[in-house]
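A quick write-up on the structure given underneath.
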Amino acid sequence: MRNKAEVVIIGGGITGCGVAYNLAKMGLTDVVLVEKNFLSSGATGRCGGGIRQQFTTEWNIKLAMESVKRFEKMNDELDIDIEYEQGGYLVITDDEKELEEFKKNVKLQNKLGLDSKLITPSEAKEIVPYLNEDNILGATFCQSDGHAYPFRVVQGYAKKAKEMGVEINKFTEVKSIKKEDNKIKSVVTDRGEIKTNIVVNAAGAYSREIAGMIGVEMPNKPFRHEILATERYKHILDPMIISFKYGIYFSQQKHGEIVGGIGDPDEPSSYNIKSSLKFVERFTSVLGKIVPAFKNLNIVRQWAGFYDVTPDAKPILGYTEGIDTLIQANGYSGHGFMVAPRVTELIAELIVDGKTSMPIDELNLKRFEGETVGEVYVVG
Amino acid sequence: MKIVCRCEDVTEEEIIEAIDQGYTTLDELKKHLRVGTGPCQGRTCLKVIEKMLAKKLGKTIDDLKKTTVRPPLKPLPLYIYGDEDEE
Ligand SMILES: Cc1cc2nc3c(=O)[nH]c(=O)nc-3n(C[C@H](O)[C@H](O)[C@H](O)COP(=O)(O)OP(=O)(O)OC[C@H]3O[C@@H](n4cnc5c(N)ncnc54)[C@H](O)[C@@H]3O)c2cc1C
Ligand code: FES
């Protein structure tokens, strides 16, 4: 392992590996990435892989749209099959108030150039024949939304970054960070010390602990989210179906398994990562109302991962006040995979050029000292 | 060509190649090749793959990081878990 580097990236999920790739692409290759387990062992490798652009704030919509442009070219760019499919996202509702919100949101999305639209229950049934249209009032649909296989995306980023000269160390855990007069001096791992000035905090739900190592307090909280997969079936579902009201999402992956999850409003913040029966029960009972026939599918696996949640459900990006060279790239609050291609590019720009091609100042850690407007579309 | 994981149709050569590429844990092999994620939940293949991995890396089976066994152990229909007429 190298004992010094211009930049040390902590975390080998999509954020860390994406930053490593984009830094190298911009010419900065004196970079070491450290990951305590294997690459994508955190939230990235556990997530649903959903890629959605239907958001409610201008910034998130733009970010997601620009990320989709990058996902579309990724197979060629990273020379790997990320199993990307654009089957769309069908956002359903059975709630009049929510439907009114949908109208406003679609208007904003269309203004920004997104191909989302409001549709009727029978139009939704044309897209998903198994849908129980009696249980919904309306939906929005965006064809260019989709999903990819997160593990592959991470492998692709890491492989390219390595080829360009970045060092990637798996099974290397950061234990402490040394500083002098508020300047970072080195990162201490269980496999040695790396002298560096710049640290990227891409440790997902553990970012709070990493920041704590140099006395920086962060408001992020970990929340367990559970997810399951069925056996493989022939193609029966094109889009990802989600409901914000019930917190459910599910889609069929390229290889045929249906993968889905549901949030639990009663889940306390913790590092508990066990799978529960309660989750499968909740998931199945909501699923049965949306697509009754899917209750006959066989479940083969369930697992859990952490959402790294901030008070306004928006990520924390950029410099850290007091310790400028600690760069934050965390707090994705459950939708960090889909925006990573663009976010990690912006973080690399910040490090290499000192400025970004899209403003990120609003997402600085220091916003939590004042009021902020939150993102309300939070699910897979 | 010897098939090691029948559910996912993965051969011995593919596994050796993946280990050479740096996928050096069962977890990574599962994610990369999907071995052990089929309907048998790896009961047929994971033991064999573990042995291959240990041999190739010059380690004992105990040295290898144990992979998490994901519930359920057998595929079960979802309806067992929830009743749509519960209200
Ligand atoms: C069940 C579930 C479903 C989801 N579904 C979606 C979805 O459909 N679409 C979407 O966009 N997002 C989804 N998300 C959210 C998404 O997974 C995350 O926002 C995203 O993967 C975050 O990536 P990351 O690289 O920032 O963090 P992570 O992938 O968590 O990576 C952080 C890494 O840091 C490492 N680390 C931690 N501490 C240390 C240390 N001390 N030293 C070294 N390394 C350390 C960890 O091991 C980990 O690998 C989902 C999340 C969950 C849990
Ligand atoms: S033989 Fe490998 S999962 Fe069944």
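All chains are named by letter (A, B, ...) in the order of the sequence lines, taking the proteins before the strands, and each is independently numbered beginning at 1.
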When you measure from the side chain of [X] to the backbone of [Y], do you find a donor-acceptor pair of N or O atoms at a distance under 3.5 Å?
X: A:Asn169; Y: A:Thr172; result: no
X: A:Arg46; Y: A:Ser41; result: yes
X: A:Gln252; Y: A:Leu237; result: yes

Open item on the list: Taking every non-hydrogen pair under 4.5 Å, which of A:Arg232, A:Arg152, A:Glu231 racks up the most with chain B?
Closed with: A:Arg232
Task: Set of side-chain contact (heavy atoms from CB on, under 4.5 Å) partners for B:Arg6, sequence neighbours left out - done: B:Ile3
Open item on the list: Looking at A:Lys289 and A:Asp94, is there a salt bridge between them, counting it only when a charged N and a carboxylate O are closer than 4.0 Å?
Closed with: no
Open item on the list: Any salt bridge linking B:Glu28 with B:Lys30? Criterion: basic side-chain nitrogen under 4.0 Å from a carboxylate oxygen.
Closed with: no
TODO: Could you list which of residues 8-23 of chain B have a heavy atom closer than 4.5 Å to any heavy atom of chain A, in residue-number order?
DONE: B:Glu8, B:Gly22, B:Tyr23
TODO: Would you check if there is a donor-acceptor pair between the side chains of A:Glu173 and A:Thr189 at a distance under 3.5 Å?
DONE: no
Task: Interface moiety of A:Tyr149 toward chain B, non-hydrogen atoms closer than 4.5 Å - done: side chain
- [ ] Examine whether an atom of A:Lys159 lies under 4.5 Å from a heavy atom of chain B, and if so say whether it belongs to the side chain, the backbone or both; otherwise answer neither.
- [x] neither
